Amino acid sequence: MTRDAATGRTVEQSAGNGPPPGEPLLVAERLTKHFPIMGGFPFQRKVGAVQAVDGIDLAVHAGESFGLVGESGCGKSTTGRLLTRLLEPTAGRISYRGQDITHADRKALAPIRSEIQMIFQDPYSSLNPRQTVGAIISGPMEINRIRPPGGREARVRELLETVGLSPEHYNRFPHEFSGGQRQRIGVARALALDPRLIVADEPVSALDVSIQAQVINLLQRLRAELGIAFVFIAHDLAVVRHFSQRVAVMYLGKIVEVGDRESIYVRPRHPYTHALLSAVPDATEFLAEGAGASHVDAGYAGAGEGAGGGPAPGPGRIRLAGDVPSPIRPPSGCRFRTRCWKARDRCASEEPPLAPIPGNGPGHLTACHFPEDPTTARGEAVILDPALRGGGVAKAHGVEG
Amino acid sequence: MVAGELVGRSPRQLMWRRFRRDRAGVVAALVVLFFFAVALLAPVISWLYGKDAYTTYGLDRPELLDPVSGYPMKPNGGIDGEFWFGIEPKLGRDVLMQLVYGIRTSLLIGLAATVLSTITGIVIGVAAGYLGGRTDYFLGRLIDLLLSFPQQLFFVAFMPVVTALFVSPEKETPTYLRVTALVLVLWLLGWMQLARLLRGQVLSLREREFIEAARVTGASPWRIIRRELLPNLGTPILVQSTLMLPMFVTAEAGLSFLGVGVVEPTPDWGRMFAKGAEFYEGDITYMFFPGVAMVVFVVAFNLLGDSVRDAMDPKTTR
Ligand SMILES: Nc1ncnc2c1ncn2[C@@H]1O[C@H](COP(=O)(O)OP(=O)(O)OP(=O)(O)O)[C@@H](O)[C@H]1O
Ligand code: SF4
Ligand SMILES: [Mg+2]
């Protein structure tokens, strides 16, 4: 499989760390999305807002894979939908290859539509049950009036092969496929327009663990062979580790730490990144073991129990207390302070900027007043869950750490 | 994956297969088809049977009716080899032909009202669900308002109003105008259920990711409605309109029964009940055939609607 000569695109950035050179493909500045909460009778009016995404900055370079990680509800999908302009930003700016697309309408976006595509989280709701696989994958070409040499049907069959399905599946309907196969159909649809950038919104989290690695490997291959840039959204750090050169960690609508793979996984500074990493002590083994990604779904909340079966040597556990605060009334100052073990008065009054802090490598930004040491080794367990603090349980875990 | 025989079947084909296995549904469908065939082939039936719906056989041939009471001379409403369903008291018209042509009139009106209401329901329901916001709010209130009307009463009240729009009250109203007015009144108050149902369906479909997938490739709203939404609304539309048709037919019969629908001499199913009520003490047979036909018709349609609904397996509709 080679890239069309017509597009003339090459793999500009295949692997390696550090901020990639050249002009970025997609840039978001102070990107914000507040969903109004309507209420009142008889006339509805705005009574509040869900601050789903609150002023994030990011840049994705050609051929690069950018990971976006955070727990459920922190605004990852909203960010993805803003980047693909499925949602209208409340504030901020998005530009694609220098062109401002923040408020571009459907007509103005038309030329860019084929370059930014999306893969969705739920393989069941992302395919129209009434359309054949052929219709689903050729739809984007029809809409954009693309006539590939050899015809659309031939191109669809080719795409089916590319994503590891049989060309014979052309006339089948989605209900005949398994979750993993459906996700491959979704990938083929995203590829139909020959995009430069794909926003993949938790493309594997709805799949069986044994299937996750297969789909990730497929995406990995596409990125390497076709030079497509990815914004890869995931809810834990393990999944993106082998996929993304740069990773941003999101918490409650904000990016709290961003850096290359090395910085995030080996020298993280933000307490929240530490907590996330501690949840997947065997993140390094993901994909290395192929299908052995059984800890991917454990999530950090249950990580203590998850790892309990096979105590990880070295780093102590971090258990966060309570729930994520509501994005309707986020905490003042640092949004993580209600769950942070290092929080002090300053954290409540002053919002830490996302900035390079002393000790960070190039391109590694952290939003924290009192960052952790740049290491994942941890002498003692941090247990903030009140249910576990004190008593035998905490001690037991303390010993483990 | 799936058993070999099911490979490559569309959800519609699967539905059809399930439907064919449902015996009650198939029988109901055949009965419904039979009624439509009768309505469609009324002139042919008339020609084969050798009678029509207008000739007053009883007046032309005095031996058929009792000159004093006006009831048929023969027992059972005058049923014999010549008049299969008997003859009408007083005027002596053929009951079978009256019923056949009556079904034709009522089904025609019901069908026209169903088609118009279905189209209106689709347009308004999809518009409200897809556009949302203010449009949805106002269309929703309009639906609430119209649904709050006591339907039968308003049918009766509106009929003269609508008729008066076309002809001045002093003049004789032509039959086609009465029929048009009936269709309009039934339509006006008949589309809301479907619209409300579809609005809800569209609201939930709109959140599905395949709609976003279409938008992200640049699909126009029109294409999304046509290619992504409507194919997924086929089943509720089908089910709802199979329930709508008998509702309209009975409503039309009701109006004609009350004297605001189709008037003499045009044959009408509902008006036969009015006549039957007049005669039933002396001749119950006249009421019998239209009554049984109506019951069979309504039951068959409802069974058909249920079977269509059952045929959509949750596996293929999600
Ligand atoms: N259309 C919407 N209207 C109102 N609130 C919304 C809307 N979409 C998302 N939200 C809210 O915005 C916040 C962020 O949602 P988002 O879907 O972006 O989270 P997420 O990080 O993708 O979570 P998940 O891992 O569960 O997919 C949530 O609190 C959610 O309830
Ligand atoms: S700024 Fe304060 S509260 Fe926020 S993460 Fe850093 S130490 Fe914790
Ligand atoms: Mg999400």
Side-chain angles (χ1 to χ4, degrees), chain A residues 38 42-44 77 80-81 83-87 106-107 109-114 116-133 135-136 139-146 168-178 181 185-186 189-190 192-193 195 198-199 201, chain B residues 1-15 17-18 132-138 140-141 144 201 204-238 312-318:
Chain A
M38 306 301 259
F43 296 105
Q44 303 259 302
S77 297
R81 287 178 162 80
L83 295 179
T84 51
R85 279 306 322 282
L86 280 171
L87 288 174
R106 195 174 66 82
K107 294 249 158 55
L109 279 173
I112 291 170
R113 277 291 179 215
S114 63
I116 309 178
Q117 280 301 299
M118 190 154 180
I119 299 173
F120 294 88
Q121 175 169 1
D122 180 359
Y124 289 92
S125 90
S126 65
L127 304 178
N128 188 339
R130 301 280 161 173
Q131 290 183 357
T132 61
V133 169
I136 289 172
M141 293 189 259
E142 246 171 60
I143 293 165
N144 291 278
R145 299 203 180 79
I146 292 173
E168 314 284 285
H169 290 152
Y170 187 86
N171 283 316
R172 301 275 182 84
F173 283 85
H175 66 87
E176 300 175 51
F177 295 90
S178 67
Q181 289 174 314
I185 298 171
R189 170 176 57 196
L193 294 176
I198 292 181
V199 176
D201 185 4
Chain B
M1 232 169 56
V2 265
E5 57 158 5
L6 292 182
V7 157
R9 302 267 179 178
S10 71
R12 190 162 299 154
Q13 283 170 312
L14 289 174
M15 201 177 126
R17 282 169 66 91
R18 276 191 299 272
R134 218 158 269 271
T135 320
D136 184 26
Y137 184 83
F138 287 113
R141 296 299 81 76
D144 288 345
Q201 296 267 329
S204 83
L205 281 173
R206 203 175 59 165
E207 301 301 316
R208 304 279 277 282
E209 286 175 346
F210 65 79
I211 303 288
E212 295 195 309
R215 281 177 53 211
V216 102
T217 52
S220 62
W222 175 234
R223 186 187 156 101
I224 290 176
I225 289 173
R226 211 164 30 92
R227 297 288 296 272
E228 312 287 339
L229 287 178
L230 282 183
N232 283 291
L233 297 174
T235 327
I237 292 172
L238 196 65
M312 44 183 221
D313 181 18
K315 206 174 76 200
T316 56
T317 49
R318 71 171 174 184

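All figures in this text were calculated on a predicted structure; none of them were measured in a lab. Every chain is numbered from 1, with letters handed out A, B, ... down the list of sequences.
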Nearest 0.5 Å, what's the OG1-CG distance between B:Thr217 and A:Asn144? 6.5 Å
Looking at B:Arg141, I'd like to know if its CZ atom is crowded, meaning that more than 12 non-hydrogen atoms belonging to other residues, nucleotides or ligands lie closer than 6.0 Å. yes
Checking A:Ile116 against chain B: side chain, backbone, both or neither under 4.5 Å from a heavy atom? backbone
Minimum heavy-atom distance between A:Ser126 and B:Ala213, given as atom pair plus value: O-CB, 4.5 Å
For B:Asn232 and A:Pro129, which heavy atoms make the closest approach, and how far apart are they? OD1-CG, 3.4 Å
First locate atom CD1 of B:Ile211, then atom CG of A:Leu86, and finally report the distance between them rounded to the nearest 0.5 Å. 11.5 Å
Separation between CZ of B:Arg208 and CZ of A:Phe120, rounded to the nearest 0.5 Å: 13.0 Å
Tell me the closest heavy-atom pair linking B:Ala219 and A:Arg106, and the distance in Å. O-CD, 3.6 Å
Check this for me, if you would: do B:Glu228 and A:Arg130 make a salt bridge, where the nitrogen-to-carboxylate-oxygen distance has to be below 4.0 angstrom? no
Counting only non-hydrogen atoms closer than 4.5 Å, does A:Leu109 touch chain B with its backbone (N, CA, C, O), its side chain (CB onward), both, or neither? neither
Please classify the contact between A:Ser114 and chain B as side chain, backbone, both or neither, with a heavy-atom cut-off of under 4.5 Å. neither
Counting distance only, does the side-chain N/O of B:Glu209 pair as donor-acceptor with the main-chain N or O of A:Ile119 below 3.5 Å? no
Out of A:Met118, A:Glu142, A:Arg85, A:Met141, return the one with the most heavy atom pairs under 4.5 angstrom to chain B. A:Glu142
What option among A:Met38, A:Arg81, A:Glu168, A:Arg189 has the most heavy-atom pairs under 4.5 Å with chain B? A:Arg81
Go through A:Gln117 and B:Val216 one step at a time and tell me if the side chain to side chain contact (heavy atoms under 4.5 Å, CB included) criterion holds. CA-CA 7 Å; A:Gln117 280 301 299; B:Val216 102; 3.6 Å; yes
Under a 4.5 Å heavy-atom cutoff, which of B:Glu212, B:Arg223, B:Arg215 has the most pairs with chain A? B:Glu212
